[in-house]
Peer 1: 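Sharing a structure with you now.
Note that this is a predicted model, so its numbers are computed, not measured. First the proteins, then the strands, lettered A, B, ... as listed; each starts at 1. Computed over heavy atoms, backbone and side chain alike; hydrogens, waters and symmetry mates excluded.
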Number of protein chains: 2
Amino acid sequence: MLEANKILKKINLRPTTQRTAIIEYILQKHKVHITATKLITHLKKKKFNISLATIYNNLNELADKGILRKLHVNNDKMWFDSNLQDHYHFYDSEKDELIDIDKNEISFSKIPKIPRGKIKDSINIIISLKSKN
Amino acid sequence: MLEANKILKKINLRPTTQRTAIIEYILQKHKVHITATKLITHLKKKKFNISLATIYNNLNELADKGILRKLHVNNDKMWFDSNLQDHYHFYDSEKDELIDIDKNEISFSKIPKIPRGKIKDSINIIISLKSKN
DNA sequence: TGGATTATTAGAATGATTCTAAACTACAAA
DNA sequence: TTTGTAGTTTAGAATCATTCTAATAATCCA
């Protein structure tokens, strides 16, 4: 059984050709940052036909199941990240690309006091990059 | 001359009633986080009529002139921040509200190496909050 | 194999933002 | 003050990412 389909079985989703293709893509590289548009472009280039709605449905479903994480980078579009470890990101706006920053590449010597009655839900750190000069 | 209009004069924008109203609102509190929709709702409640396009035009213009800073919080909408100091944010998703985190409330003992050929453009830190239990 | 459940899809709907082009306003020169 | 022009505002159309809808198709399991 395909690795992709093992994953689908584990999270209780039917192994359709569309889902398999999406997960194959995610597995292909170690860590993937993807948007719906980038993914459909990639798949169509490989002659794999799929609708945008299906891309969205599945990326969201995989995020719900904990296989991907949603990332807000800017207001353009939703990013999905296959790296589930705690980590942060560089954003290269020229290439429209994310680069992981490992959790242990940033450490804090002082962290802010959380407002009363609240707890931390998530920490988002994005360091936007531009070219030298 | 109104404080708002002094600001407009300084940045070379004509003091229209719309602009004055927007800047008055920003000045009214020490630090303001707004979105276009929140601002138009506020102004209409005060019986001040203005179009959404004008709100957007002006918030963007003020951001260009360095009077406001644009903030990407999530993919919902653009935020504008009148606090020009280096700082970070809590995001209270229940109230859809931002809370400043002063620059000196966070300190880093380790910061990541910037990828070669690039320099840091901006650092965005958002700590999303949820209610205790 | 058949029927129920789950998926996919095209296209419509939504919501934030920007664009367009027409009507309006501030301003400075006469 | 008038007046021409450059700058502004505006309603509504356009755009773009995303979600919704409801019809069709695929998967599953008794």
Peer 1: Indicate, with a heavy-atom threshold strictly under 4.0 Å, whether A/N57 touches base, sugar-phosphate, or nothing.
Peer 2: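 Base, at least one base heavy atom under 4.0 Å.
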Peer 1: For A/L27, I'd like to know if atom CG has over 12 heavy atoms of other residues, nucleotides or ligands within 6.0 Å.
Peer 2: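 Result for CG/A/L27: enclosed.
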Peer 1: Among D/dT8, D/dT27, D/dT18, which nucleotide has an atom closest to any side-chain atom of A/K77?
Peer 2: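 Of the options given, the side chain of A/K77 lies nearest D/dT18.
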Peer 1: Of B/L98, B/L71, B/I99, which is the lone residue that meets side chain to side chain contact (heavy atoms under 4.5 Å, CB included) with B/Y91?
Peer 2: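 Answer to the side chain to side chain contact (heavy atoms under 4.5 Å, CB included) test with B/Y91 among B/L98, B/L71, B/I99: B/L98.
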Peer 1: Name the first nucleotide and the last nucleotide along DNA chain C (5' to 3') that come under 4.0 Å of a heavy atom in chain A.
Peer 2: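 With heavy atoms of chain A under 4.0 Å away, the range is C/dT5 to C/dA10.
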Peer 1: Provide, to the nearest angstrom, the distance between the NE2 atom belonging to A/H72 and the C1' atom belonging to D/dA17.
Peer 2: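 Rounded to the whole Å, the gap is 13 Å.
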Peer 1: Roughly how many Å is it from OH in B/Y56 to P in D/dC16, rounded to a whole number?
Peer 2: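 Taking atom P of D/dC16 as the reference, OH of B/Y56 is at 16 Å.
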Peer 1: Looking at B/E97 and B/K38, does any basic side-chain N land under 4.0 Å from a carboxylate oxygen?
Peer 2: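 Looking at B/E97 and B/K38, the cut-off is not met.
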Peer 1: Write down the distance between CG (B/N60) and P (D/dT9), rounded to a whole number of angstrom.
Peer 2: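 Interatomic distance, CG of B/N60 to P of D/dT9: 13 Å.
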Peer 1: Short question: side chain of A/S128, backbone of B/D121 - any donor-acceptor pair under 3.5 Å?
Peer 2: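 No: the side chain of A/S128 does not pair with the backbone of B/D121.
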Peer 1: Heavy-atom contacts under 4.0 Å between residues 37-54 of chain A and DNA chain D, which residues?
Peer 2: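 Contacting residues: A/L52, A/A53.
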Peer 1: Got more than 12 heavy atoms from elsewhere within 6.0 Å of NZ, B/K44?
Peer 2: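 It does: B/K44 NZ has more than 12 such atoms within range.
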Peer 1: Round to the nearest Å and state the distance from B/L62 atom CG to D/dT9 atom C1'.
Peer 2: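 Checked: the CG to C1' distance equals 15 Å.
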Peer 1: Hey, could you give me the OG/CD distance between A/S82 and A/Q28, rounded to the nearest 0.5 Å?
Peer 2: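 Answer rounded to 0.5 Å: 10.5 Å.
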Peer 1: Could you verify whether a donor N or O on one side chain and an acceptor N or O on the other, from A/H33 and A/D100, lie under 3.5 Å apart?
Peer 2: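 On atom types as modelled, these side chains qualify, holding a pair under 3.5 Å.
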Peer 1: Taking the nucleotide of DNA chain C with the nearest heavy atom to each, does A/R19 or B/T17 sit closer to the 5' end?
Peer 2: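 First, find each residue's nearest nucleotide; the 5'-ward one identifies A/R19.
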Peer 1: With respect to the side chain of A/P15, which nucleotide from D/dT10, D/dT27, D/dT18 is positioned closest?
Peer 2: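 The answer is D/dT27, which lies nearest to the side chain.
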Peer 1: Whole-Å distance between D/dA17 C1' and A/N74 CG?
Peer 2: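 To the nearest whole Å, that distance equals 12 Å.
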Peer 1: If you find the nucleotide of DNA chain D closest to B/N75 and the one closest to B/Q18, which residue's nucleotide is nearer the 5' end?
Peer 2: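 That would be B/Q18.
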Peer 1: Between atom CG in A/D64 and atom C1' in D/dT19, what is the gap in whole Å?
Peer 2: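 Taking atom C1' of D/dT19 as the reference, CG of A/D64 is at 14 Å.
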Peer 1: Taking atom types as modelled and ignoring hydrogens, do the side chains of B/N104 and A/K110 form a donor-acceptor contact shorter than 3.5 angstrom?
Peer 2: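 Not at all, the side chains of B/N104 and A/K110 share no donor-acceptor pair under 3.5 Å.
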Peer 1: Given the rule in the side-chain contact (heavy atoms from CB on, under 4.5 Å) test, do B/H87 and B/D81 qualify, once you have shown the distances and angles that lead to the verdict?
Peer 2: CA-CA 11 Å; B/H87 69 290; B/D81 189 346; 2.8 Å; yes
Peer 1: Give a yes/no on whether any side-chain N or O of B/T16 is located under 4.0 angstrom from OP1 or OP2 of D/dT9.
Peer 2: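 Yes, such a contact exists.
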